[in-house]
There are 2 protein chains.
Amino acid sequence: MARAATTADTFNAVAEPRRREILDALTQGERPVNELVTLLGLAQPHVSRHLRVLREVGAVVVRDEGRQRLYRLNPQALKPIYDWVASYQHLWEERFDLLEDVLEDLKEEH
Amino acid sequence: MARAATTADTFNAVAEPRRREILDALTQGERPVNELVTLLGLAQPHVSRHLRVLREVGAVVVRDEGRQRLYRLNPQALKPIYDWVASYQHLWEERFDLLEDVLEDLKEEH
DNA sequence: CGATTGTATACCCATATGGATATGCATTGG
DNA sequence: CCAATGCATATCCATATGGGTATACAATCG
């Protein structure tokens with residue numbers, strides 16, 4: 001089998017830098033496709049495709065407004081990623097504490 | 001251009017479920033490749049490749065111990081992901097508060 | 001030193017992109 | 001009702017996998 005489909009899960013959807021850019025742009029609020037096209041400097045079809053992937057994992061939702069389609073962020077979709085990575089947080093913090101201990105010991109030796 | 005190389009950044013490295021499994025396994029401590037092979041139920045060459053990707057983004061470090069190569073987690077490598085996703089946290093929490101408000105209003109109406 | 005064990009690499013294959021471009025559709029304006 | 005505008009899709013192409021299998025290497029053992 002080849003690489004798992006990008007649309008399969010949020011981790012993959014967000015692994016693509018352009019898609020993170022789109023999400024970042026949407027933190028400012030709802031935006032029509034064209035605005036994202038301008039912001040990202042990508043061709044419109046590409047933006048539409050990235051939006052589709054993001055929609056499929058639930059990271060964005062659409063709303064029709066006349067001729068335009070307004071995309072809005074759905075931040076909850078990112079929670080699984082947060083939960084996963086947050087479970088590692090204490091590890092790098094512990095490590096930081098360890099480093100501090102070592103520095104402390106060194107200071108005391110002098 | 002095709003999809004960005006997996007080895008390019010931590011987001012891509014971690015987008016692969018098997019690699020997350022490896023990282024999760026390494027939270028228990030240093031492990032030789034063979035142990036990961038058993039744990040994941042993957043062929044040894046695949047595990048070695050995933051480990052290589054993880055090594056290239058700095059998510060794991062290796063240490064030679066006789067014939068074995070012991071892999072250890074380097075949690076700090078995950079911090080960029082944490083930082084990115086954490087910046088969205090207040091968004092879904094706000095939303096949660098909003099929901100709570102609505103529920104509260106509904107209760108008061110009855 | 002030859003055999004065994006533990007890993008990393010090299011290839012081969014099918015598949016899933018991401019980007020480019022052309023095109024189909026729906027909504028709005030004249 | 002026809003043209004223009006805003007998007008979504010369909011194709012085509014090059015590339016990067018991930019999995020399978022064979023193989024090259026290094027270290028250890030007898």
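So that the names make sense, note that chain A is the first sequence line, chain B the second, and so on, each numbered from 1. When reading the values below, keep in mind they use all heavy atoms of this one structure, side chains included, and skip hydrogens, waters and symmetry mates.
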Practice task
Mind checking R49(A) for me? I need base, sugar-phosphate or nothing, with any heavy atom below 4.0 Å counting as a touch.
Solution key: base
Exercise for the section: Round to a whole Å and report the spacing from CZ of R63(B) to P of dG6(C). Expected result: 17 Å
Practice task
Would you mind reading off the distance between R55(A) atom CZ and dT9(D) atom P, rounded to a whole angstrom?
Solution key: 6 Å
Under 3.5 Å, sequence neighbours excluded: what are the donor-acceptor pairs made by side chains of residues 33-42 of chain B?
residue: E35(B); atom: OE2; partner: R31(B); partner atom: NH1; Å: 2.4
residue: T38(B); atom: OG1; partner: N34(B); partner atom: O; Å: 3.1

Practice task
Could you tell me which residues satisfy side-chain hydrogen bond (donor to acceptor under 3.5 Å, both in side chains) with R18(A), sequence neighbours excluded, listed by chain and number?
Solution key: none
Practice task
Summarise how protein sits on nucleotides 2-7 of chain D as a single string, 5' to 3': B when a protein heavy atom is under 4.0 Å from the base, S for sugar-phosphate-only contact, - for no contact.
Solution key: --BBSB
Fill in the blank from the handout: R63(A) meets the salt bridge (charged side-chain N to carboxylate O under 4.0 Å, His left out) criterion, sequence neighbours left out, with E30(A), E65(A)
Practice task
Using the test side-chain hydrogen bond (donor to acceptor under 3.5 Å, both in side chains), find all partners of R69(A) that sit at least two apart in sequence or belong to another chain.
Solution key: D64(A)
Handout entry: Donor-acceptor side-chain pairing of W92(A) and N74(B) below 3.5 angstrom
Key = no
Practice task
Could you state the atom-to-atom distance from NE2 of H46(A) to C1' of dA22(C) in whole Å?
Solution key: 12 Å
Practice task
Please state how far atom CG in N12(B) lies from atom P in dT17(C), giving the value in whole angstrom units.
Solution key: 12 Å
Handout entry: Whole angstrom value for the distance that separates P of dT9(C) from CD of E56(B)
Key = 9 Å
Problem - Pairs flagged by salt bridge (Lys or Arg N to Asp or Glu O under 4.0 Å) wherever residues 75-86 of chain B is involved - sequence neighbours left out - result: K79(B)-D83(B)
Exercise for the section: Indicate whether OP1 or OP2 belonging to dT17(C) is found under 4.0 Å from a side-chain N or O atom of H50(A). Expected result: no
Practice task
Just compare dT21(D), dT21(C), dG18(D) and give me whichever is closest to any side-chain atom of R19(B).
Solution key: dG18(D)
Handout entry: Nucleotide nearest P45(B) (side chain, heavy atoms from C-beta), chosen from dG18(C), dA22(D), dG20(D)
Key = dA22(D)
Exercise for the section: Side-chain contact test, heavy atoms from C-beta onward, threshold under 4.5 Å: evaluate it for Y71(B) versus I22(B) and give yes or no. Expected result: no
Handout entry: Length of the line joining D9(B):CG and dT17(D):P, which is rounded to integer Å
Key = 11 Å
Exercise for the section: Report the distance from atom CZ of R52(B) to atom C1' of dA16(D), rounded to the nearest whole Å. Expected result: 14 Å
Handout entry: Atom-to-atom span, CG of L51(A) to C1' of dA8(D) - whole angstrom
Key = 11 Å
